[in-house]
Novice: 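Just passing along the structure, written as C-alpha cells.
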2 protein chains.
Amino acid sequence: MTTPEVASGSQAAAARLRVTVPSVADRVAAELRLQLAEGLLLPGARLTESTIAEDLGVSRNTVREAFAELAAERLVVRLPNRGVFVASLGPGDVHDVYTVRRAIEVSAIRAGGAPERVAAVRAAVEEGKAAAAADDEEALGTANQHFHGAIVALAESRRLDTMMSQVLAEMRLFFHKATVDAHFYRGYLDDNEEICTALEAGELDRAGSLLLSYLDRSEEKQSAVHGD
Amino acid sequence: MTTPEVASGSQAAAARLRVTVPSVADRVAAELRLQLAEGLLLPGARLTESTIAEDLGVSRNTVREAFAELAAERLVVRLPNRGVFVASLGPGDVHDVYTVRRAIEVSAIRAGGAPERVAAVRAAVEEGKAAAAADDEEALGTANQHFHGAIVALAESRRLDTMMSQVLAEMRLFFHKATVDAHFYRGYLDDNEEICTALEAGELDRAGSLLLSYLDRSEEKQSAVHGD
DNA sequence: ATCGTCGGATTGTTGAACAAATCGCTCAAT
DNA sequence: ATTGAGCGATTTGTTCAACAATCCGACGAT
C-alpha cells in the first residue's frame with residue numbers, strides 16, 4: 001500500500017495508539033482551552049497574538065494555528081483584522097446549544113447501548129451522589145458532565161463524542177456566571193438517577209423522554225440566568 | 001461597550017452582514033474543498049504543503065492555516081511529521097456518519113418547524129422530481145442533499161446546520177465510489193415524498209420513523225458498496 | 001457635537017531559514 | 001533471504017523578520 005493507512009475505520013485506534021508528541025500548536029491550544037475552562041479568560045476578552053506568543057514562548061505563527069483550532073471549536077471568535085475574542089454566548093446561543101444536546105443525547109439514549117456503557121452511566125450517577133454527600137460543588141458539576149458524556153458514549157460514535165465534548169466546552173464558557181447559585185446541579189441528581197434506572201431497565205423511550213424534559217428545564221434555567 | 005459585539009445571539013447575523021473579504025487562507029481552504037468535492041483529490045491522496053503553496057501562489061504558512069480548517073472539518077487528516085492526506089472513510093466511519101445523521105435529522109424533523117421551512121423541504125422534493133424527469137443524475141444528488149439539509153434547517157439551529165453540512169461534505173468524499181450506480185438516488189424519491197407529506201400533515205412522529213428507516217436503508221447500501 | 005485626518009497598534013501574509021522527523025535506498029551481517 | 005544499520009533526500013514543524021492592510025482612538029477643524 002503506497003498511501004499510509006490514513007483514516008479509515010481503524011484510524012481512531014491508530015491515532016490513539018500512535019506514539020506522537022502533540023505539536024506545539026496543539027499544546028498552546030490546550031493551554032488556552034484550560035484557561036478558558038478555568039474562567040481565567042472571560043467571554044469577550046481579547047486574545048492578542050503577540051502577547052500570547054511571548055507569554056508562552058512560542059512564535060506568533062504557532063499561536064495563529066492554535067487560534068484556528070479553538071475557532072473551529074467555537075471557543076473563540078475570529079473577527080477579521082480585529083483579532084480573536086473569547087466567545088460569548090447570548091440567549092440565542094443557549095437555545096442553540098440545547099438544541100444540539102437534545103439531538104445528540106436523546107438519540108444516543110434511545111438507541112440504548114452495551115451493558116458496560118450503561119454501567120458507565122450508572123457510575124457517573126454514583127459519582128454525583130458522592131460529590132453531593134461531600135458538598136463538593138465542583139465535583140458535582142464534573143460528575144454531571146460525566147453523566148451526559150456517558151449517555152452520548154452509549155452510541156459508540158467517535159463523531160458524536162467529539163461533538164458533545166465541544167458543546168460541553170462551549171457551555172463551560174458561560175457556566176461561570178451560572179454557578180453563582182451553588183445548588184445549581186443539586187436538583188438534577190434525582191433526574192439523573194431516574195433516567196439511569198429507566199435506561200438500565202431497557203425502557204429506552206421513557207429514558208429519552210425524561211432526558212428530554214430534563215434538557216428543557218435546564219435550558220430554561222440557563223436562559224433565565226442569561227438575561228433573556 | 002469596550003468589547004466588540006463578539007458572538008452573542010446576534011453574531012450570526014452580524015457575521016452574515018459584515019462586509020469582509022475572506023482571508024487568503026479561507027480562499028485556499030475553499031479551493032481545496034471544491035477539489036475535494038469534485039473528486040479531483042481522491043481519498044488517501046497526499047497534500048504536500050509546498051506543492052499547493054506554489055500551485056495557488058500563496059505562502060506555505062497560509063496553506064498550513066487552510067489545512068487546519070479542513071482538518072477541523074475532517075475532510076483531511078493530519079499525520080504528525082508525515083503530512084496531510086485526503087480523509088478516507090472505512091466501514092466504521094460510514095456507520096458513524098449515519099449515526100450522526102440519525103441524531104441530527106430525526107431530532108430536527110421530530111420538532112417540526114415553521115411553515116416556510118416545511119415549504120423548503122417540499123421545494124427540495126420537487127427539485128428532485130424535476131431532476132429525475134430530466135434524467136440529470138448530478139442534479140438528483142444535489143436535490144437529495146437539499147432535501148436533507150432542509151430537514152435539518154427545520155430546527156433553525158446554526159450549529160446543527162453546520163454539523164450537517166460538514167457531515168454531508170464528508171460523505172461526498174466517498175460518494176464518488178458509490179455513484180457508480182447511476183440510479184442510486186432514484187429509489188429515494190418516493191421516500192422523500194412520503195416523509196415530506198407526513199411532515200406537512202403534522203405527523204411528526206411518523207415522519208421521524210420514515211426518515212429513520214430511510215437512513216438505515218441508505219447506510220446499508222453504502223456499507224455494501226464499501227466492502228464491508 | 002460631527003466630521004475628517006493622522007498615527008499607533010494589530011492582524012494578515014509572505015519569504016527564508018533551520019531542526020527534526022520520515023522515507024526510500026543501499027549495503028553489510030546473519 | 002531477511003534483518004538491520006546507516007545515509008541522503010524530502011517534508012514537516014517552528015521560528016523570525018518584514019511589510020501591507022486594516023482598525024482604533026485621539027486630535028483638531030468646522
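Letters A, B, ... mirror the listed sequences (proteins, then strands); counts begin at 1. The figures that follow rest on heavy atoms only: side chains count, while hydrogens, waters and symmetry mates do not.
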Novice: Could you name each residue pair satisfying side chain to side chain donor-acceptor pair (under 3.5 Å) that touches residues 54-63 of chain B, not counting sequence neighbours?
Specialist: B:E49-B:R60
Novice: Would you list the atom pairs, donor with acceptor, under 3.5 Å between side chains in residues 148-156 of chain B and any protein atom, with sequence neighbours excluded?
Specialist:
unit_1	atom_1	unit_2	atom_2	d
B:H148	ND1	B:R101	NH2	3.3
B:H148	ND1	B:E105	OE1	2.6
B:H148	NE2	B:Y214	OH	3.1
B:E156	OE1	B:R117	NH2	3.3

Novice: Only pairs at least two apart or in different chains count here, so list each salt bridge (charged side-chain N to carboxylate O under 4.0 Å, His left out) that has a residue in residues 33-43 of chain B.
Specialist: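 Residue pairs passing salt bridge (charged side-chain N to carboxylate O under 4.0 Å, His left out), neighbours aside: B:R33-B:E69, B:R33-B:E73.
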Novice: Hey, could you give me each pair passing salt bridge (charged side-chain N to carboxylate O under 4.0 Å, His left out) that has a residue in residues 160-173 of chain A? Not counting sequence neighbours.
Specialist: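 Salt bridge (charged side-chain N to carboxylate O under 4.0 Å, His left out) check on residues 160-173 of chain A returns A:E170-B:R159.
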Novice: Not counting sequence neighbours, which residues clear side-chain hydrogen bond (donor to acceptor under 3.5 Å, both in side chains) with A:D216? List them please.
Specialist: A:R102
Novice: Between protein and nucleotides 9-17 of chain D, map the contacts as a letter string: B base, S sugar-phosphate only, - none, heavy atoms under 4.0 Å, written 5' to 3'.
Specialist: --SBBBBB-
